[in-house]
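As C-alpha cells, the structure follows; a few thoughts come after it.
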Amino acid sequence: MIARLDARRAVVLVSTVVAVAAALTGVGQPWQAAAVFWFVAVIPGLAVQPWLGVAEPLARAVLAVAISLALAAIASEGLAIAGAWSPAALMATLATASLAGCALGKDPL
Amino acid sequence: MASAPADLAPAPAALRVSVVLCCYTTKRWHQIVAATHSLRIQNHPAHEIRVVVDHCPPLYRKAREQLVGVRVMVNDGPRGLSGARNAGVAASSGDVVAFLDDDAVADPDWLAELAAQYGDPRVLGVGGHVEPAWEKGRPSWFPPEFDWVVGCSHPGLPPQGGPVRNFIGANMSFRRVTLTDLGGFRNDLGRVGTHPVGCEETELCIRASARFPDSVLRYQPAARVQHHVPADRGSWRYFRARCYAEGLSKAAVSRLAGANVALASERDYVRRVLPRGLAEAAAQGNPARGAALLTGLAVTSTGYAVGRLRRTGLGAPAARTTWRSLPTQLGPLGLALILWVLSLRSVDLRAMTDLGLVAVLPPTYWAALALILVALPVLIHGGRASPGVLVGYLVGLILVLHATPAVLYDSLRYGWAWKHVGVVDYILRHHAVDPQIGGPFAAYHSWPGFFALNALLVKAAGLPSALNYAAWAPPVFELLALGPLRLLFTTLARDRRQVWLALLIFYLGNWVGQDYFSPQAFAYLLYLVVLAVCLRWLTPADRPTKSDRPTKPLPRWRRWLGPDLPGRPPPPPPQRRALLAVVVLLMVAVVSSHQLTPFMLLSALTLLVLGRHVGPAWLPWLLGALTASWIYLMAMTFLRQNLYWIIASIGHPDQNTQSSFVDLTHATLDQQVVSLAVRGLTAGMGLLALVGWLRLRHYGLPRRVPALLSVSPVLLLFANSYSGEMLFRVYLFALPFLALLAAGTIYPTRSQRAGRVVVPTVLVVLLAAFFCLAYYGKERANYFTPDEVAASTWLYDHAPSGSLVVAATAAFPWAFTHYETYDYTFLERLPPAQRVSIASSPLPILEQTLRQRHGPAFVVLTRSQNDDARYTGVLPNNAMAAIAAALQRDSDIRVAFHNRDATIFEMNPPAPGSVP
C-alpha cells in the first residue's frame, strides 16, 4: 500500500517539476514536448486518484487521462474566452492542482 | 476500515431473496426437479429462482421447457461451479442471494430461517445445516465427523448456531451487494463437473471476513436442507479421493488467504472433534469408523502437503500466459510489426489509384495485417492469452491501420485537419477566442475546448505549430479509446471472449475517419469515458424500502428499457460523489468542445436513466442545462448564422441519405468498389449486431443496454442533417455497442475447439477487407504531396491580408495560419445549377465570385481537389480542367504559382475608378 502510495506521489511530483522546468527553460526537443505532453495528459488526473477510490489499474489509467485532458481543456478555454489566455498561468494552475493532489489523504490501495 | 454495506438491506420480512441453483448434467434431472419444487413452496417466497445451467445445452433446453416458476439461464462465464454461481449472482436482483445444490432439497422454512438472520446489519451471510440423505443408507464405517466429504454439515459446527469461518456450499446465502463487491467466487477454485475439488466458498468467506472485519458470517442450523448422497459416494475410494482433494483445496486457499486464516477452523476441528469421534467409535466398538477417521485425517493432510509443494495449480496466481507460452503467443505480433516496418520503406504514394492506399501498399503490409487478424481471433477463442497479450495485438492492429498514413505521408492528412491547426494558431497569436466571429470558423470559437487545449500543448512544449504532431492524432485517439471501450464492454458483457472480439470488431468497423486532429475525436473519447463511468459505478443505489410499502411499479415501456446488466453494487457515497464530480467535469469538457457530441451524450444518458441503468436521474437534466447555457452564452452568433438550415433539416432524415451517399453514376470502377465497401461495412455491422442481439436474447444474456446505446444516436438523425454527415456520426456513436452486439454472434459459445475459431477469423478478415477499402479508399483526396503543401505555403506567404481564396473543394492544405485574415469560397458550395454549368462556361461564374471583391483574390486548384471533386461528384469530372483553362485565357488573371500538383491564379483588384 505504502509503495503504491509513494509511487503515485513520486510520479506526480517528479513529472510536475520536470514539465514546469522544461516549459520554463526550453530544454529542447523532443524532451520538452515529451515532458509537457505527459504532464498535461496524465498528471492532474493521477493526482486526484485517492478521491475516486477506484482500484482497477485500467480504470485508474482511463480516468487519469480523461480528467487531465478535460481539466486542461476547460482551464485553457476559460482563459481564452476571458481574453487572458496564458500558457504560463495554465501550467502553474495545473502544477498547483497536481501538487495539491500529492497532499491528499490515504490512497485507497 | 471497511464496513459491510449492510445498512442498505431492508427488514427480514421484506427481504428479497434470490435463489441460485447451479446444475451441469441431465443425469440429475429428477433431483433438479425436486430441488426447484422445494424452492417454490417456501414459506418466505423466493424473490426469484435462477437455475444456471453450466455448459450443458441438452439440460438447458430441457430445463427451459419443463421447469416451472424458475428462470433458466446458461453460465456464459468459465465452466465450473464458481463460474455458474457468479453468473447467477450477476443476473440476480434480490437483496440476498441463497445457493442450493442441484441435488439438495430445502425445508419449507429454509429461506425464512436464513432471512431472519439478516436483521442484524453486521451479518454478511448466513449458512444452514446440510443433512445427508443417503441413497442406500450411511455406511457403518462412515464417520459423521467426515460428512463434509459428501458436502454436509459435521459435528464441528456450533449446534446452536453462531459465527463460523465459512459455509457449506449446498446451503448458504450472502447479501448480494457483498458478493458483487467481492467480485464473486474465484473461477480457478471450485468443482468443474464431477471433479471433486472445492473450497471456493471457503475462500470467498475468508475474503469477505477480511474485507469487512466488523461483520459476521452466521451459521443457522434451523435453516435445513437435505443433500442427496448417491451410493458411490459411500465408498472408501470416493472417501479417500475427496479427502485428498480437500487437502489440495485447503492448500490453494492457504496460498490465497494465508495458512493461519485458512486452517484456523481445521486446527480446532482436529483438536476437538476428531478425538471425540475416535472416543465414540471406541465406545461403539466400531474400529472401521476409527480407522476411517484416522485415514481421512492422513489423506487430507497428504493432499494439503502436496498442494503446498506444488508451484502451480489451484490457487496459484491466475497467469494464463506463462513465460513459456509468451513467445508462441507474441511471435506472430512481433513478426507482423517487423513486416509492417519493412513494408513502409517501399511505398510509392504517387502510384495511388482510386483505391487509395490499398493500391500501393506492398504484400509485406498485407502479410503483417493478416498475421494479426488471424492470430488475434485464435488467441481470443482459446481463452488462454492474458489481457496484456491481447492488448498488445490490438495496439499492433491500431498502429498498422492508423499509423501507416502518419508514417508514409510527409504532410498532415486531410484538409479539415489543416484548418483545425489554423484555429490553434489563432489562439496562439491572439491569446483569446472570439465567439462573435462569423463565417465558417464561428463554431470553433463557440466550442473552443479542443483548440485551447492544443494551444497550451504547443506553447508549453515549445513547438512552432500543432502541425508538428497533428498527423499522429488518429493512432493516438484510437489507442486512447481502447481503455474506455474495454471498461464499457466488460461492464456490459460477461463473456471475456465477447469483450475482446468486440474490441477487434470496433476497430475494423471504424471506417468513418473522425479520429483526425479534430474536436469531435476529443469529445468522442470523453463520451466513451462518461458512459463507462456511469454504467460501471453510477448505477442506481438500492434504496431501502420504507416499512413494507410496495414500490410503485414502473410503466411497461420503462420496464422494457430496464436492467439486464451484470449487477454491480453502487460504490460508497464518498466515492460515488467523487465519480459524479468527474462525470460533471467531463460533461463540461464535452459541452464546450463540440457542438454535436453533447446531444449524443444527452440521448444516451436519457435512455440509460429511463431504464434505471444509471442512477442519478438529474444527470441528463444537468447535461441539457449545461448544453443550453453554453449555446446561449457562447454560440449565439453561430446559432443565428445557422438557424435556418438547422430548423429546415429537422424531421428530414432523408437529407442524410441523399447527401451521404455519392452518386456512383460517373465514378470509376475503383471508387464504386470503395463506395460499396462503405455501404457494405455499415450495413454489415448493423446486420451482425441484430443477429448478435437475437442470439444473446435467445440465451438470456445481457444485450439491452448495448441495444439502447446503439439506438440512442439514431434519434439525432431526425433532428438534424449536420450538413449531410449525420448518418456517419450516428454510425460512429453507435459503433461501440454495435460491435459488442456483433461479437455476440460468435460468443459466448460453449466450444473452445480449435475448429470453431474459423468463424470469427473469417468474419474478422472480411471486416478488415471492407475496412481497408472504406478507410484507405479516398486517400488520393486526403493525401497532399510536397508540391501541394509548397503551393499552400506560397499562398500564405504571399497573399496579403483580406485576400479572397477560391478553391474547388476544401481538399488542400488551407487556413492553417492567419486564417481570420482571409475569406474563403469553395466552388463545391455553389448552387447546384452553377456547379453543373461551371464545366461548360466557368468564366462567368468565376468572375461573378471574383469581381465582387475589392481586394486581391487567389484561385487555388490542386490535384487533391480534383480527386475530391471526382469522389464526391460535387463538380462535373472535367470542371477543374475547364476552370484552369478559362483562367489562363483571362488577361486580368495571372498564374502566380505553378508546379505539377497545384496552380495558383492571382487576380489583382481593379484599378480605382474602373467599372467592374
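The structure places CD1 of A:I67 at 7.0 Å from CG of B:L585, a figure rounded to the nearest 0.5 Å. A distance of 5.5 Å separates CG in A:L52 from CG in B:L579, rounded to the nearest 0.5 Å.
Within the 4.5 angstrom heavy-atom criterion, only side-chain atoms of B:V533, from C-beta onward, approach chain A. Using a 4.5 Å cut-off between heavy atoms, B:L463 touches chain A through backbone and side chain atoms alike. In this structure, chain A has no heavy atom under 4.5 Å from any part of B:L482. Interface residue B:A455: backbone and side-chain heavy atoms are both found under 4.5 Å from chain A.
Between chain A and the options B:D434, B:L526, B:L487, B:I427, the largest number of non-hydrogen pairs under 4.5 Å is found for B:L487. Between chain A and the residues B:H445, B:Q575, B:H430, B:R486, the most heavy-atom pairs under 4.5 angstrom are made by B:Q575. Heavy-atom pairs under 4.5 Å with chain B were tallied for A:A34, A:P87, A:A61; the largest tally goes to A:P87.
Counting only distance, with no hydrogens or angles, the side chain of B:H431 and the backbone of A:A84 share no donor-acceptor pair below 3.5 Å. Judged purely by atom type and a 3.5 angstrom limit, A:E77 has no side-chain atom pairing as donor or acceptor with the backbone of B:A452.
The shortest heavy-atom contact between A:L69 and B:F522 is CB-CE1, 3.8 Å. Among all heavy-atom pairs drawn from B:V529 and A:A66, the shortest one is CG1-CB, 3.7 Å. Residues A:A59 and B:W537 come closest through the heavy atom pair CB-CH2, 3.4 Å. Between B:G449 and A:A73, the closest heavy-atom pair is O-CB, 3.7 Å.
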Test A:E56 against B:R536 for salt bridge (charged side-chain N to carboxylate O under 4.0 Å, His left out), laying out the working first. CA-CA 12 Å; A:E56 302 165 71; B:R536 202 170 181 85; 2.5 Å; yes

